[in-house]
Structure formats: structure tokens, C-alpha cells
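Worksheet: the structure to be examined is printed underneath.
Values in this document were obtained by computation on a predicted structure and should not be read as measured data.
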Amino acid sequence: MYSCSFERNPGWSSAYARQPEILSYLRRLAQRRGLLPHIRFGPDVTGARWKKATSRWTVTTADGTTYVCRFLILGVGGLHTPQTPTLPGADEFSGAVWHSSCWNHDVDLTGKHVAVVGVGASGIRIIPELTAQAAQLTVFQRTPAWVLPKLDTPHPTWRKKLFRALPWAQALHRLRIYLAREKRGIGFHHRPDALRVAEDVVRGQIDKHIDDPGLRKTLTPTYRFGCKRVLLSNDYYRSLNAPPASRWSPAAQPPYAPRQSWTRPAQTIKPT
């Protein structure tokens with residue numbers, strides 16, 4: 001995962017390496033392949049024009065620099081600019097508000113009442129961490145997600161040594177991962193009934209970790225697996241559970257709010 005086939009890394013610590021490790025790999029790759037002299041970090045692109053006469057792009061940046069090139073590839077992604085919803089009454093809220101992609105590290109959430117809007121790829125990672133800090137956590141959900149267990153296992157020392165000594169062994173391991181991922185496409189595109197196995201896995205996780213029947217229903221998707229982005233987490237459902245003595249209660253739902261929400265005293269959940 002997270003590596004180029006022509007620049008394999010036998011020293012990955014786990015199946016899903018963390019950000020510092022991935023960044024270190026990318027830096028080594030850029031240096032080893034001589035890419036850094038050809039990269040400009042930081043400039044804001046303000047415009048790009050195609051000149052038919054020369055078959056070239058002219059790209060301008062905020063600092064006044066102009067670049068002329070044959071090929072222009074937009075790789076900024078569709079979610080690079082945070083979109084914060086404008087909710088009625090939000091301007092009257094005196095607490096701190098921020099988007100998950102622009103985290104405010106100056107605010108200590110320990111012992112605070114915290115609300116999370118959305119249970120997408122970011123939400124399911126933030127919520128387990130907040131349950132160990134906040135005095136109360138309110139989650140607003142529009143549509144529940146299918147959340148599969150994340151098969152993130154540490155790579156043992158013997159495997160790292162094997163990959164270093166026998167690069168073809170790592171190539172085979174990488175091929176196995178590739179084929180396993182590609183096999184899912186059969187279900188997504190041709191045989192959606194084959195994905196029922198994954199649905200059963202998620203339902204089993206919900207039944208295992210969630211005690212409250214009403215919350216189980218709230219967290220169980222009513223659409224087929226694969227219709228929306230499938231998420232991976234080992235502690236999301238577990239972090240939402242509460243002992244029988246601490247019941248879930250519905251949070252206020254004005255007309256503009258997501259369709260489902262719940263509030264719970266976060267200190268009743270043991271940190272995972």
C-alpha cells in the first residue's frame with residue numbers, strides 16, 4: 001500500500017502505514033528519482049490558457065511566474081477546499097468551530113461538550129479519539145456508512161528481512177493485495193449480490209459492539225453495500241457503545257439538521 005511498484009519499500013511497519021512514514025517514503029522517492037529540482041512548492045495557480053498556435057499551456061501563478069508546458073494535469077482533487085455548511089443560528093454560537101481538515105490544535109477538547117457533524121471517512125476517525133477526551137459527544141448523522149474492519153496488522157521483523165533479501169517475495173505479496181482489491185470490482189460492477197457477505201460482516205460488527213437496539217438500527221445502512229464510499233475502522237462502532245446504565249438520547253433536530261443524531265456522555269467509554 002502507498003508505494004510505487006518500481007520503488008518498493010521492504011520496511012513498512014504495517015499494512016496501513018501512518019502519515020509520517022508515508023511522507024518519509026515520498027521524500028526518499030523524490031530525492032532518489034531526482035524529482036525535487038522539477039517541483040515548485042507553494043505557489044497558487046491563478047490561471048491556465050491553451051494556445052492552439054503553439055499547442056502549449058501557459059500557466060500563471062500568484063507570484064507572477066509564468067510556466068509554459070505541453071501537458072497540464074490537474075491533481076488537486078475534489079475535496080481540497082473545505083466546505084463548511086452555513087447553519088441558521090451558527091453565528092450565535094460562542095464556541096469554537098472548525099472543519100476537520102483545518103484542525104484547531106489550540107483548543108483543548110478535554111472535558112468539553114463536542115458536536116461532530118457527519119460520519120464520513122474523517123468523522124469515523126475523529127469520533128473514537130473524541131470519546132476519550134470530551135465530557136459529552138453529540139454526533140449528527142445524515143446517512144449511516146458501511147464500516148468494515150480495518151485489517152491493519154504490523155509487519156513482523158521476519159517479513160521485512162524476507163522482503164529485503166528476496167525482492168520478488170514482496171512483489172508477489174503486492175500482487176496478492178492488488179488481486180484482492182480488484183476482485184471487489186466484480187461485486188461493485190457486475191455481481192452486487194456477492195457483496196452481501198461484506199454487509200453481513202458489518203452487521204455482525206454492529207451487533208457485537210453496540211448494545212442499544214435503537215442505536216443499532218440508526219447505524220445500520222438501508223442501502224446496498226458499495227452505493228456509497230465504504231469505510232474502514234476497528235474502533236468506530238466500539239467507541240459509540242455505552243453501558244446499559246448510560247442510555248442514548250436523541251439530540252435536538254431543527255429542520256436544517258441531519259436526519260439522525262444522538263448524544264452520549266463520552267466518559268463512559270473506555271479509551272481504545
Side-chain angles (χ1 to χ4, degrees), residues 18-20 23 42 44 46 62 76-147 150 206 209-222 228-229 231-272:
R18 302 304 185 263
Q19 185 267 356
L23 180 59
D44 293 328
T46 57
V76 295
L79 303 175
H80 66 292
T81 302
Q83 298 293 326
T84 303
T86 302
L87 303 178
D91 55 344
E92 301 175 6
F93 179 66
S94 59
V97 180
W98 64 83
H99 193 280
S100 60
S101 65
C102 305
W103 197 265
N104 188 344
H105 295 278
D106 295 331
V107 178
D108 183 6
L109 298 177
T110 303
K112 301 290 181 61
H113 291 192
V114 181
V116 176
V117 179
V119 291
S122 298
I124 68 164
R125 287 164 175 77
I126 294 172
I127 290 170
E129 299 297 327
L130 290 176
T131 58
Q133 292 181 271
Q136 180 173 295
L137 177 64
T138 300
V139 178
F140 292 90
Q141 167 185 282
R142 182 173 61 182
T143 306
W146 290 104
V147 184
K150 187 177 183 179
I206 294 174
H209 295 297
I210 304 298
D211 296 331
D212 187 279
L215 185 58
R216 287 181 186 174
K217 182 177 180 180
T218 298
L219 294 173
T220 302
T222 57
K228 295 186 65 176
R229 180 178 178 181
L231 307 180
L232 304 176
S233 176
N234 292 329
D235 50 10
Y236 173 61
Y237 291 130
R238 184 166 57 240
S239 70
L240 293 176
N241 196 37
S246 179
R247 306 299 296 177
W248 295 85
S249 58
Q253 296 190 62
Y256 54 83
R259 289 191 292 269
Q260 297 170 318
S261 60
W262 59 89
T263 304
R264 51 128 330 134
Q267 68 269 23
T268 59
I269 296 182
K270 296 180 180 180
T272 58

What one should report as the nearest heavy-atom pair of Asp212 and Leu215 is OD1-N, 2.9 Å
Here the gap from Tyr237 atom OH to Ile210 atom CD1, rounded to the nearest 0.5 Å, amounts to 8.5 Å
For the side chain of Asp211 and the backbone of Asn241, is there at least one donor-acceptor N/O pair under 3.5 Å apart?
-> no
What's the shortest heavy-atom distance between His99 and Gln83, and which atoms?
-> CD2-O, 3.8 Å
Quick note, side chain to side chain donor-acceptor pair (under 3.5 Å) partners involving residues 110-119, not counting sequence neighbours, are Asp108-Thr110
Taking only residues two or more places apart in sequence, or in another chain, which ones meet Asn104 in a side-chain contact (heavy atoms from CB on, under 4.5 Å)?
-> Trp98, Asp106, Val107
Any donor-acceptor pair under 3.5 Å from Asp44 side chain to Ala62 backbone | no
Please tell me if the side chains of Leu231 and Tyr236 come closer than 4.5 Å, counting only heavy atoms from C-beta onward.
-> no
Scan Val119, Ile124, Ile127, Ile206 and name whichever one has a side chain to side chain contact (heavy atoms under 4.5 Å, CB included) with Leu240.
-> Ile127
Distance-minimising heavy-atom pair for Asp235 and Ser233 | OD1-OG, 3.0 Å
Name all pairs fulfilling the side chain to side chain donor-acceptor pair (under 3.5 Å) condition that reach into residues 117-130, sequence neighbours left out, sorted by first residue then second.
-> none
So, for Cys102 and Pro82, which heavy atoms are closest and what is the spacing to 0.1 Å?
-> SG-CG, 3.7 Å
Check each of Thr138, Leu137, Val139 against Val114 using the side chain to side chain contact (heavy atoms under 4.5 Å, CB included) test, and report the only one that passes.
-> Leu137
